[in-house]
Amino acid sequence: MTNKQIYLQDKYASRAQREGFKARSAYKLLELQEKFNLILPGQTVVDLGCAPGSWLQVSLQLVGSEGKVIGIDKTKINLTANNLVFYQLDLIKDSDKIISTLPPAHIILSDLAPSTSGIAVVDNAKSLKLAQTAWNIARKLLLPQGNFVCKVFSSKESDDFFKLLKPYFASLSKFKPKASRKSSKEYYIVGQNLKQRQKTTS
Ligand SMILES: C[S@@+](CC[C@H](N)C(=O)[O-])C[C@H]1O[C@@H](n2cnc3c(N)ncnc32)[C@H](O)[C@@H]1O
């Protein structure tokens, strides 16, 4: 890693500490919001893979007191707010329960990341499985005109996943925030304005 990269990482981490965010990832969602204007006051946001909670913090700020934020992770979080609900669940094992429990949402976010092995082909496959699971949940819960954000690791398979999503949204983009480490193969797929909500029976 170059000195410049270390400096940039520190910049986001220390800024997160200073500004009271649980993680430097907060700035990724803030960049996504600035670019795509995804989350509006009063809306319902579902955040899949939300721990430690910086995307929840940003979402709570954006939806305001009239909005609602729902977070899911297999790891507990240490964050509370009147309009925040957290479920400690496994997205893959509990996806049916999640679909039947959660309300329809205007925005579904997935910053889900697997524990990585360092073997690209294994890590890409695990990441893609999480992204596909997030989409299976999103296509059942997302309201018409809703927005979907999903982290993937760049690969031929993630390109295929991108193509699969294309018909569902009025606009589909790839975005790598500046706050995302240059060395990471992650980027975000951003689907805006869902054309039609899928039926809840699969
Ligand atoms: C990069 S972190 C998310 C950071 C979060 N966006 C934030 O800003 O604080 C990825 C999360 O995905 C969660 N995760 C990975 N696999 C999961 C699964 N099968 N079910 C639920 N959560 C999972 C991890 O526990 C981890 O908290």
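Positions are given from 1, in the same order as the sequence printed here. What you see below is based on every heavy atom in this structure, not just the backbone, and it leaves out hydrogens, waters and symmetry mates. Start at 1 and go down the list; that is how both ligands and their atoms are numbered.
Listed by atom number, the atoms of ligand 1 under 4.0 Å from T75 heavy atoms are 25 (O). Listed by atom number, the atoms of ligand 1 under 4.0 Å from L89 heavy atoms are 20 (N), 21 (C). For ligand 1, the atoms sitting less than 4.0 Å from at least one non-hydrogen atom of P52 are 9 (O), numbered in the order shown with element in parentheses. Interface atoms of ligand 1 facing G53, defined by a heavy-atom separation under 4.0 Å, are 7 (C), 9 (O). Close contacts of ligand 1 with S25, meaning ligand atoms under 4.0 Å from a residue heavy atom, involve 8 (O). Near L91, meaning under 4.0 Å from any of its heavy atoms, are these atoms of ligand 1: 18 (C), 19 (N), 20 (N), 21 (C).
Using a cut-off of 4.0 Å between Lys/Arg side-chain N and Asp/Glu carboxylate O, R24 and E19 are scored as not salt-bridged.
Ligand 1 has no nitrogen or oxygen under 3.5 angstrom from a nitrogen or oxygen of L130. Considering backbone and side-chain N/O atoms, I72 never comes within less than 3.5 Å of an N/O atom of ligand 1. Of the polar atoms of A26, none of the N or O atoms is found under 3.5 Å from an N or O of ligand 1, judged by distance alone.
If you look at C50 next to ligand 1, the close heavy atoms, those under 4.0 Å, all belong to the backbone. Contacts between K151 and ligand 1 below 4.0 angstrom, taking non-hydrogen atoms only, involve the side chain exclusively.
Regarding atom 19 (N) of ligand 1, its nearest protein heavy-atom neighbour is D90 OD1, 3.2 Å. In this structure, the protein non-hydrogen atom closest to atom 8 (O) of ligand 1 is S54 OG, 2.5 Å. Looking only at heavy atoms of the protein, atom 12 (O) of ligand 1 is closest to A113 N, 3.5 Å. Counting protein heavy atoms only, atom 14 (N) of ligand 1 is closest to L112 CD2, 3.6 Å. The protein atom (non-hydrogen) at minimum distance from atom 2 (S) of ligand 1 is A51 O, 3.6 Å. Ranking the protein heavy atoms by distance from atom 10 (C) of ligand 1 puts D111 O, 3.4 Å first. The shortest contact between atom 11 (C) of ligand 1 and any protein heavy atom is with D73 OD2, 3.5 Å.
Residues V190 and N147 form no side-chain contact, since every pair of their non-hydrogen atoms from C-beta on lies 4.5 Å or further apart. Contact check for I137 versus I72: no side-chain heavy atoms found under the 4.5 Å cut-off. For the pair L48/I108, a side-chain contact is recorded, criterion being any heavy-atom separation below 4.5 Å from C-beta on. At a threshold of 4.5 Å between non-hydrogen side-chain atoms, the residues S59 and L109 count as touching.
Between F21 and Y27, the ring centre distance stays below 6.0 Å. Taking the centre of each ring, F161 and W135 stay at or above the 6.0 Å mark.
K35 is linked by a side chain to side chain donor-acceptor pair (under 3.5 Å) to nothing, counting only residues two or more places apart in sequence or in another chain.
Counting non-hydrogen atoms of other residues, nucleotides and ligands closer than 6.0 Å to CG of N78 gives a total of 12 or fewer. For K68, the NZ atom counts as loosely surrounded, since its 6.0 Å shell holds 12 or fewer non-hydrogen atoms of other residues, nucleotides or ligands.
Taking the ring centre of F162 as origin, the terminal cationic atom of K174 falls inside the region bounded by 6.0 Å and 45° from the ring axis.
Counting only non-hydrogen atoms, the option in K74, R24, K22 that gets closest to atom 22 (N) of ligand 1 is K74.
One hydrophobic cluster, built from ILVMFWY side chains closer than 4.5 Å, cannot hold both F153 and L130; they sit in different ones.
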